[in-house]
**Student:** 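Shown below is the structure under consideration.
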Protein chains: 2
Amino acid sequence: MPRGVQAAKSEVATAKALEAALGLFSKQGYGATSMRTISEASGLSVGNLYHHFGSKEAIFQRLIDEYWEHLLDPNNDLQRVFEAAEFPDDLEDLATAIEKSVEDHRSYIMLIFIDVIEFSGTHIRAFYESMAERFQKTYSESFAQRKRDGLLGEVDPLVGVMVATRWLFYFFTVEKCFGVPMHFGMDTSQAVDEFIRIVRHGVLPRGGSAPIPESQSD
Amino acid sequence: MPRGVQAAKSEVATAKALEAALGLFSKQGYGATSMRTISEASGLSVGNLYHHFGSKEAIFQRLIDEYWEHLLDPNNDLQRVFEAAEFPDDLEDLATAIEKSVEDHRSYIMLIFIDVIEFSGTHIRAFYESMAERFQKTYSESFAQRKRDGLLGEVDPLVGVMVATRWLFYFFTVEKCFGVPMHFGMDTSQAVDEFIRIVRHGVLPRGGSAPIPESQSD
DNA sequence: AGTAACAAAACGAGCGTTCGGTTTTTACGA
DNA sequence: TCGTAAAAACCGAACGCTCGTTTTGTTACT
């Protein structure tokens, strides 16, 4: 009987239940997944599930919490890219890290959309709202310095990094979670490269700082 | 008894049912909405719903079909922007049209996410896949001409218009459908303006065509 | 002995769908 | 214009089933 480093009493069982629930929720949604199904998939009895979690919704909440923990873990690749704060030079790294993050957390990402639909976004709203603030904290110092050095254009780089991050997350989510690969009519890496070029240089020809000819009617 | 221009027999009833179902599906999801609830909200009896639609899923399918019809209607603002094919000069118009489109079809847009979650994307996959092709048809001619005139940079403008369109749809969907307003820490129009600037000019300073200093390690 | 972990049956409610029946509309020969 | 019979529209109870949860226990640690 080992003592000292021993895990909380029934951590193994709850971990199995959470894993099973994640797989089921992410594939069929919350409402369509029954406690009995989770019971069968995890090997725990229904009564035991209620003993450990109290309710079905509590299981869902636990899974959401797990995702934030993974996502904000300073040791994962994505957080390291953010820490380095070298946008837009590291756009390729950002894309790679986000691709990996979406791949690794495929099931968890589905939970976000499930929450929006089946719970009106109750469980995830707070996080979304704090996102702008988090970016501000991470990047403001770095951007101020590099602006002074003339390394940035006239666009607010904070918006740039948020636009790029969100877009890449969205792109890979559609590709990997919604099951619609190559949805720009080209392969993934090509689409990402083009996107990075746009973020860095825009679609207009370089050099000419002349304003666009006024083609809008009203 | 008017004859000639008389509508199909029970169009009014089915329209009421579809409207009620759309409101309920979009707010609570497919599984969480019961036929009895649709019956109460529409004023039709449950039996009558089955008489007109045959099954619950058939109602959902009808709503998805309605959305594509609205979205591809050549008379709406968004399709007119696409027809004009003046990207990227008309980015402001594109943003306005997409904002309106998302606002007008808020409930229908939720159906897409519901389909992805509760039906594994069965009802909408075909459309997503045909999207690249549709853009190609609309824009290829216009882009070829303007490339010859030197009005476009080195970025593939077809990717540009798809990136911009998809991003704007995504942005307004989060704002208006997911209930998370101003999620970049600024108000909507400001965030859109910044995004448009990025698409046109990129985040790097203009004029300097020098390559980025190699800051990547591997 | 006491507490946490587990199991299984049972409960009440709600589900999608079907069915038997009534009402309304339609079609058409007289 | 009317009468009438077929067809469509409509209703609500009932069927068989599954749901989230509770209850009542038994087993296993400490």
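Everything numeric here is computed off the predicted structure, so don't read it as measured data. Letters A, B, ... are given to chains in the order of the sequence lines, protein chains preceding strands, and every chain is numbered from 1.
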**Student:** Whole angstrom is fine here: how far is it from CG in A:Asn48 over to C1' in D:dT24?
**Tutor:**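 Taking atom C1' of D:dT24 as the reference, CG of A:Asn48 is at 15 Å.
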**Student:** How do B:Ser34 and A:Ala13 order along DNA chain C: which one's closest nucleotide is nearer the 5' end?
**Tutor:**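 By nearest-heavy-atom nucleotide position, the 5'-most residue is A:Ala13.
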**Student:** Which letter, B, S or -, goes with each nucleotide of nucleotides 17-22 of chain C from 5' to 3', with contact meaning a protein heavy atom under 4.0 Å?
**Tutor:** BB----
**Student:** Counting the atoms with a prime plus P, OP1 and OP2 as sugar-phosphate, which does A:Thr33 contact under 4.0 Å by heavy atoms, base, sugar-phosphate, or nothing?
**Tutor:**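 Sugar-phosphate: the residue A:Thr33, judged by heavy atoms under 4.0 Å, touches backbone atoms but no base.
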**Student:** Kindly indicate whether the side chain of B:Leu152, heavy atoms from C-beta on, has any atom under 4.5 Å from the side chain of B:Pro88.
**Tutor:**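 Side-chain contact under 4.5 Å: yes.
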**Student:** Check this one for me: any side-chain N or O of A:His51 less than 4.0 Å away from OP1 or OP2 of C:dA7?
**Tutor:**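 The answer is no; no side-chain N or O of A:His51 sits under 4.0 Å from OP1 or OP2.
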**Student:** Using a strict cut-off of less than 4.0 Å between a Lys/Arg side-chain nitrogen and an Asp/Glu carboxylate oxygen, indicate whether B:Arg62 and B:Asp65 qualify as a salt bridge.
**Tutor:**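 Here B:Arg62 does not pair with B:Asp65 in a salt bridge, since their nearest N and O are not under 4.0 Å apart.
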**Student:** Aromatic contact between B:Phe135 and A:Phe184, with the criterion being ring centroids under 6.0 Å apart: yes or no?
**Tutor:**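 Not close enough - the centres of the two rings lie 6.0 Å or further apart.
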**Student:** Can the ring centroids of A:Phe60 and A:Tyr30 be said to lie less than 6.0 angstrom from one another?
**Tutor:**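 Under 6.0 Å, so yes.
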**Student:** Counting heavy atoms not belonging to A:Lys16, are there more than 12 under 6.0 Å from its NZ?
**Tutor:**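 No - once you tally the heavy atoms of other residues, nucleotides and ligands closer than 6.0 Å, there are 12 at most.
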**Student:** Anything under 3.5 Å between a protein N or O and an N or O of nucleotides 26-28 of chain D, put it in a table, one pair a line.
**Tutor:**
none

**Student:** What is the distance, rounded to the nearest whole Å, between atom CD1 of B:Ile38 and atom P of D:dC10?
**Tutor:**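 In whole Å, D:dC10 P and B:Ile38 CD1 are 16 Å from each other.
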**Student:** Would you mind reporting whether B:Val163 and B:Val199 have side-chain heavy atoms less than 4.5 Å apart?
**Tutor:**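 They are not in side-chain contact.
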**Student:** Quick check on the 6.0 Å ring-centre criterion: do B:Phe82 and B:Phe87 meet it?
**Tutor:**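 Centroid separation for B:Phe82 and B:Phe87: 6.0 Å or greater.
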**Student:** A:Phe60 CZ to D:dG20 P: how many Å, rounded?
**Tutor:**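 Checked: the CZ to P distance equals 14 Å.
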**Student:** Which residues pass the side-chain hydrogen bond (donor to acceptor under 3.5 Å, both in side chains) test with B:Asp156, sequence neighbours left out?
**Tutor:**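 None.
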